[in-house]
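All remarks here apply to the structure that follows.
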Amino acid sequence: MSSDSKAATSYEEGLTGASEKVAEFQEKKTALGRLQHWLHVTPSAVPMIVLVAAIIIFGWASPNFFKAVTLSTILQQIAIVGILGCAQSLVVLTAGIDLSVGAIAVFSSVLMGQITFRYGVPAPISILLGLGLGTLMGLLNGVLVAYVKLPPFIVTLGTWQIILSANYIFSANETIRSSEISEVAPALQFWGHAIQPGGVKVLYAVFLLIALVAILAYVLRHTAWGRHVYAVGDDPDAAELSGVQTKRLLTQVYALAGLLCAIAGWVMIGRFGSVSPSASTGQLGNIQSITAVVIGGISLFGGRGSIVGMFFGALIVGVFEMGLKMVGTDPQWTFFLIGVLIILAVAVDQWIRKASA
Amino acid sequence: MSSDSKAATSYEEGLTGASEKVAEFQEKKTALGRLQHWLHVTPSAVPMIVLVAAIIIFGWASPNFFKAVTLSTILQQIAIVGILGCAQSLVVLTAGIDLSVGAIAVFSSVLMGQITFRYGVPAPISILLGLGLGTLMGLLNGVLVAYVKLPPFIVTLGTWQIILSANYIFSANETIRSSEISEVAPALQFWGHAIQPGGVKVLYAVFLLIALVAILAYVLRHTAWGRHVYAVGDDPDAAELSGVQTKRLLTQVYALAGLLCAIAGWVMIGRFGSVSPSASTGQLGNIQSITAVVIGGISLFGGRGSIVGMFFGALIVGVFEMGLKMVGTDPQWTFFLIGVLIILAVAVDQWIRKASA
Amino acid sequence: MSQEPLLKARGLYKRYGKVTALNNCDFDLMPGEILAVIGDNGAGKSSLIKALSGAVQPDEGEITLEGRRVQFSSPLEARGEGIECVYQTLAMSPALSIADNMFMGRELRKPGIMGKWFRQLDRPAMEKFAREKLSELGLMTIQNINQAVETLSGGQRQGVAVARAAAFGSKVVILDEPTAALGVKESRRVLELIRDVRARGIPIILISHNMPHVFEVADRIHIHRLGSRLCVIRPQDYSMSDAVAFMTGAKVPEAAEVAA
Amino acid sequence: MSQEPLLKARGLYKRYGKVTALNNCDFDLMPGEILAVIGDNGAGKSSLIKALSGAVQPDEGEITLEGRRVQFSSPLEARGEGIECVYQTLAMSPALSIADNMFMGRELRKPGIMGKWFRQLDRPAMEKFAREKLSELGLMTIQNINQAVETLSGGQRQGVAVARAAAFGSKVVILDEPTAALGVKESRRVLELIRDVRARGIPIILISHNMPHVFEVADRIHIHRLGSRLCVIRPQDYSMSDAVAFMTGAKVPEAAEVAA
Amino acid sequence: DSACLITKTDTNPFFVKMKEGAEAKAKELGVELKAYAGRIDGDHEGQVAAVESCIADGAKGILITASDTKAIVDSLAAAREAGLLVIALDTPLDPIDAADATFATDNFKAGELIGQWAKATMGEGAASAKIAMLDLGISQPSVDVLRDQGFLQGFGIDLGDPAKWGDETDPRIIGHEVTSGNEEGGLKAMETLLAKDPDINMVYTINEPSAAGAYEALKAVGREKDVLIVSVDGGCPGVANVKDGVIGATSQQYPLDMASRGIEAIAAFAKDGTKPVPTEGKDFVDTGVALVTDKPVEGVQSIDSAKGAELCWG
Ligand SMILES: Nc1ncnc2c1ncn2[C@@H]1O[C@H](COP(=O)(O)OP(=O)(O)OP(=O)(O)O)[C@@H](O)[C@H]1O
Ligand SMILES: Nc1ncnc2c1ncn2[C@@H]1O[C@H](COP(=O)(O)OP(=O)(O)OP(=O)(O)O)[C@@H](O)[C@H]1O
Ligand SMILES: [Mg+2]
Ligand SMILES: [Mg+2]
């Protein structure tokens with residue numbers, strides 16, 4: 001009796017001869033239109049513009065600012081925050097947040113130092129052990145987030161405290177002095193070396209940061225794993241249903257973040273010379289890296305943004321801090337103005353995006 | 001020619017006589033099933049259970065713990081975090097986050113104190129001014145979030161720095177002594193008074209906290225405004241499309257949060273006696289209140305959870321801290337264990353929820 | 001027709017980056033009529049009604065309501081003018097209950113002091129009303145009126161949205177594919193509901209891909225193609241096949257065929 | 001029928017708090033057939049196929065695939081067994097492009113060193129494939145294959161999901177209301193696609209509220225009511241009115257009427 | 001008997017050593033010691049909570065290094081009312097009689113010593129010195145202010161308001177930066193001030209870790225030899241740095257001593273209620289401060305690094 005079904009769909013014969021062309025409309029081709037479109041599809045462009053503007057303003061306000069040495073100082077000051085920012089970016093792209101980045105970095109640097117000096121292990125091996133242990137701390141975060149399904153904020157709030165106090169307990173608050181390290185284990189200070197083209201010092205650490213940003217940008221953009229990171233951040237249920245191994249991916253992301261933090265810990269030794277468990281990165285590294293990430297245009301809700309944006313975000317903060325101090329602002333006012341400028345930077349970003357939407 | 005449309009829908013005559021009953025199935029009536037269901041529909045039950053368990057364990061581990069004075073001390077220690085937690089809960093329910101709560105509280109207390117002592121304004125008026133200015137700071141957050149559409153995390157990260165440094169600058173780092181205040185402006189210390197039923201001191205501040213929690217619980221559950229808070233946190237676009245004035249609501253929420261923080265600032269004067277711009281609530285209040293909120297089962301993604309849960313969350317932290325101190329744990333180990341317990345508390349919560357889903 | 005359109009749009013444009021969703025689009029809704037809007041997927045139907053209801057702002061073009069030029073900057077403003085809309089994406093708060101969602105933004109308060117001074121919601125009244133409206137639609141499988149919307153089946157959710165719009169619309173009711181996820185019985189109820197609403201004198205814009213339903217209830221049919229109005233026809237003048245042929249580009253309507 | 005079912009379920013239960021979505025539900029899918037599942041909104045159809053595809057775990061009951069007892073703890077496991085599913089909620093990552101979404105979890109890599117060592121994606125190949133599959137479905141209004149899925153119209157999105165399932169399913173293809181948001185032309189293409197897939201020997205489960213379509217393509221029709229299978233009929237034995245009457249409870253099928 | 005030790009933080013080696021001293025003495029005398037600490041520098045609330053815990057726990061006495069010397073007074077009054085002996089360590093309370101006794105060094109004096117030494121060492125150059133001030137934190141806790149202002153006093157610079165740093169107008173001060181008292185902060189602050197004025201030749205630092213950080217920054221630009229760094233604390237790594245020439249001079253304090261004497265006092269109080277008596281002519285028990293340098297100058301008493309290493313803590 002399916003004859004009535006025929007009748008019911010008979011109107012579909014109107015379809016014969018339906019157009020098969022892919023729809024096309026003429027595009028606006030004005031210069032402004034193109035700029036807007038470019039801004040829209042290049043999420044890292046906006047922080048870059050803010051950055052350039054900031055550099056120009058400070059260069060104009062302070063005569064010393066525009067010297068190569070100042071700019072290289074800024075770069076070396078953001079090296080650690082930048083590497084932590086790489087770790088943070090990965091986690092934030094999955095719609096997570098990692099409050100423990102700074103703690104992992106500090107603890108890893110302490111581990112590298114203490115394993116060398118307390119237990120007499122050769123420096124390269126201690127470095128490997130430190131990197132491995134940092135990865136393990138990240139892995140712990142990952143397992144708690146992915147398998148126990150706890151919110152990342154609370155997991156890393158907990159591990160932040162755990163790792164930081166483990167750090168103090170393990171190190172017995174002992175600092176290892178720079179001169180000892182450079183005698184016994186110079187490998188620990190590797191990233192503190194510099195090349196000096198034309199008298200301007202550029203730390204190895206700066207090159208490391210740039211290399212890490214480039215590699216991660218490639219991975220996120222051009223590999224399946226990178227697309228999965230975005231997918232999980234976008235909508236974890238959808239990603240799971242459409243075939244991403246969400247749990248495994250999340251675990252990998254947090255472990256990789258741990259590794260990056262441990263690398264930052266190694267860089268800290270090179271940069272500060274000494275190994276100190278009470279480095280402020282342990283307390284402030286998370287906020288600083290999150291600031292870089294957000295100013296760089298990565299959405300805290302996950303799935304949107306680029307790591308290159310984070311790099312510019314870190315630079316913006318570095319330039320503001322240095323610039324304000326150079327024009328002679330007192331520390332309390334510097335703190336105040338950086339607050340203002342964080343908000344302004346993001347407001348400008350938002351405004352340009354809206355205009356171009 | 002609509003006769004073919006008749007034919008096309010003729011099969012619908014099968015509908016005549018369709019059942020009009022609302023579907024019903026028998027329910028499981030086992031005790032366990034009921035318990036699970038109750039846990040599921042009472043989001044604040046889980047933190048309560050964790051709390052009771054913690055109290056029992058510490059009571060067993062430390063002989064002094066189970067004394068009324070210990071318990072009243074815990075209550076008075078969480079009074080400020082609890083009030084900040086009320087503010088934080090409102091903001092988190094709208095899927096926001098407020099990093100500036102502690103800074104607003106401290107600055108408000110400094111404003112109340114300095115307006116009284118530096119400018120000689122009568123204390124009740126300074127208190128009103130302080131509350132008003134705290135509300136304004138919250139309003140600033142709200143406007144930036146709702147109208148400029150900046151992410152709450154970054155807005156309040158900025159205002160946190162701004163308010164905190166304004167606080168240091170305005171106060172010139174001056175502490176106002178307790179003895180001066182109790183002579184000149186006892187109203188500032190109002191919440192530090194206590195009733196002493198049976199010799200156990202219970203601060204007014206504790207009653208204030210309980211009253212605020214009760215009022216907010218009522219407002220969130222039983223008024224239109226409260227439902228809108230949940231709706232905005234759940235899905236702001238949907239809320240906007242279905243008729244909530246999202247922007248106005250968000251602004252109100254942040255302003256109310258500011259007022260609550262200013263109240264916390266007033267309570268701080270009562271509790272600590274003096275007015276100190278360097279009170280660590282300015283630095284740590286945000287993390288502490290967020291911890292309470294999250295342990296209390298409020299989702300950081302907004303729209304889910306209850307303020308009563310936050311209250312239990314704050315209590316859990318207070319009980320852990322006091323309990324660990326009383327069994328004589330060293331401070332770093334205390335931080336370590338609190339980190340572990342934060343994760344455990346939320347894990348237990350998650351597990352019970354899953355079992356009952 | 002000699003009447004003035006109640007809601008009119010002229011020369012609307014809406015571009016999303018490279019994509020042109022509305023391309024010089026016109027639109028007319030007459031008082032008291034059921035106007036169907038049909039067209040291919042992605043033709044721009046939803047974009048059109050979003051522009052009409054304030055959910056998006058068109059790049060160019062003007063909209064008039066009852067002869068007045070209007071510019072809605074939010075759906076709330078449109079609602080204030082009595083334009084009630086069921087969006088394709090439904091616009092519900094998933095974690096809230098059915099009753100909460102139906103009354104979002106126009107909650108009922110308890111009578112007496114509790115309502116006036118303590119602003120307490122009248123939950124029993126809201127739940128009763130919600131249950132009634134759902135029963136009118138024949139949604140009998142909803143077992144618990146306090147269920148969170150996220151736990152409803154796709155069709156149940158759609159039913160709740162339609163019930164809300166029909167219950168509260170006062171000037172124009174816009175339905176974007178209201179029956180897409182609905183079953184046979186529920187779809188039929190929606191059609192009846194649409195007729196009821198028109199009987200109250202309120203005009204309706206109905207977007208649907210279901211030709212038999214469109215031809216059954218519509219007074220006029222707006223055919224949308226490639227971002228603009230191709231033509232407006234009367235169901236009694238054309239067959240469903242013709243309509244399908246127009247909207248897919250298989251046939252081109254003669255200029256004269258456009259119903260004014 | 002003498003054949004063994006390819007996919008079989010017995011006594012499935014699924015409860016959500018107070019709500020019983022599956023209530024002692026049975027299910028059989030024969031090799032190579034198109035099985036339609038029809039029922040009221042909220043009858044439990046989506047819950048059934050979610051249980052079959054691993055997206056939810058039933059409280060009780062057992063599922064067998066090719067005679068083996070299976071227990072999928074995630075959709076990925078079901079996919080590993082060749083069960084491809086289009087969910088009602090579509091399961092797409094809104095911010096990613098159409099091509100990214102179609103290949104999610106089975107991306108193509110560049111040939112040679114770039115692919116092998118640097119694991120670089122072969123975007124041109126994926127985009128070409130995606131464009132072809134969409135064209136097969138007649139989705140000609142998609143202007144830009146690199147558009148984010150969130151910018152697609154409701155129907156376009158559904159089209160992408162269906163294209164994905166049809167392209168990759170190897171043992172069973174499950175479609176939960178694939179044509180709900182689709183236009184006339186696109187729905188017709190989906191029906192053709194379903195026939196194509198069956199012609200490749202792959203059985204299909206089709207959930208739909210569109211009776212004419214169901215009666216046109218289905219080999220057997222599973223009628224779902226109040227969380228369990230009411231009966232299974234053959235479209236040539238019953239009229240659409242009968243089917244509608246069964247699923248809404250207007251008529252009760254005789255036991256004998258159930259097609260084994 | 002039990003006693004409480006409440007320090008500002010327990011991450012700064014200074015307080016870690018203080019705790020070790022207290023623990024050793026407590027063990028010797030059979031006193032049960034519970035240690036508490038603030039979360040961060042300046043964590044006043046944490047200390048209030050700690051005092052309350054001690055009272056609730058029935059301790060006999062409290063040893064405290066107060067984060068906020070004025071604000072803590074109330075809580076300590078409650079403790080004394082509850083019959084506890086309250087002893088301020090390292091940092092005198094304000095007013096000083098808010099504690100039953102104070103075992104402290106004079107932080108202002110410590111700063112003054114290095115200031116005088118620096119001025120004498122620079123000689124002629126002091127008049128045109130370019131000074132970098134590396135302080136603790138923007139909340140300006142009292143040690144921070146005392147050491148900073150003491151240094152300036154010793155160096156002969158007008159203090160402005162002695163209750164805060166940063167309001168001086170002397171052009172010799174290139175700038176104040178905050179360091180959080182660790183190497184990382186010292187390094188960054190120094191880098192920044194060097195960018196502002198590369199000719200800095202005198203560096204005051206709040207403590208030895210920040211001095212080590214500053215030294216790294218100077219080394220990086222090759223100026224470690226011609227810049228004078230002074231500091232306060234006298235920890236063993238710091239004294240070693242004096243020996244290595246990293247730090248020119250540092251004012252040494254004796255936290256171990258303060259703590260063990262504090263425990264003794266509590267033990268005595270628990271036994272028969274005796275309270276310790278202050279040093280002759282002062283309102284507190286001065287545990288002393290000594291300038292450690294290998295380049296002594298006329299008119300400022302000092303000990304050399306070898307002697308400093310004998311007395312150092314940590
Ligand atoms: N936010 C957006 N960004 C970019 N493109 C968009 C956006 N919204 C819609 N579009 C595009 O505009 C066109 C029209 O979309 P619209 O939703 O109006 O179609 P529709 O006619 O409602 O289709 P359907 O029948 O499938 O619902 C589509 O090509 C779509 O991809
Ligand atoms: N996660 C959940 N929590 C609570 N109840 C649920 C949940 N998912 C589904 N339900 C309930 O289970 C019942 C069956 O839902 P299901 O989605 O399977 O229906 P359906 O037959 O697919 O309906 P439709 O045709 O409208 O898609 C409904 O009453 C629904 O409210
Ligand atoms: Mg649409
Ligand atoms: Mg369904």
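Just the heavy atoms: all of them, side chains too, but no hydrogens, waters or symmetry mates, feed the values below.
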Ignoring hydrogens, what is the shortest heavy-atom contact between [X] and [Y]? Give both atom names and the distance.
X	Y	value
D/A95	A/G303	CB-O, 4.2 Å
D/P75	A/L241	CG-CD2, 3.3 Å
D/M104	A/A231	CE-CB, 3.5 Å

Which residues pass the side-chain contact (heavy atoms from CB on, under 4.5 Å) test with A/K247, sequence neighbours left out?
A/A146, A/Y147, A/K149
Honestly, the part of D/R123 sitting under 4.5 Å from a heavy atom of chain A is side chain
Counting only non-hydrogen atoms closer than 4.5 Å, does D/E150 touch chain A with its backbone (N, CA, C, O), its side chain (CB onward), both, or neither?
side chain
Could you give all pairs that pass the salt bridge (charged side-chain N to carboxylate O under 4.0 Å, His left out) test and reach residues 221-246 of chain A, with sequence neighbours left out?
A/R227-D/D100, A/D234-A/R304
Working to the nearest 0.5 angstrom, can you tell me the gap between D/R109 CZ and A/H222 NE2?
15.0 Å
Check whether any side-chain heavy atom of A/T223 sits under 4.5 Å from a side-chain heavy atom of D/Q120, and report yes or no.
no
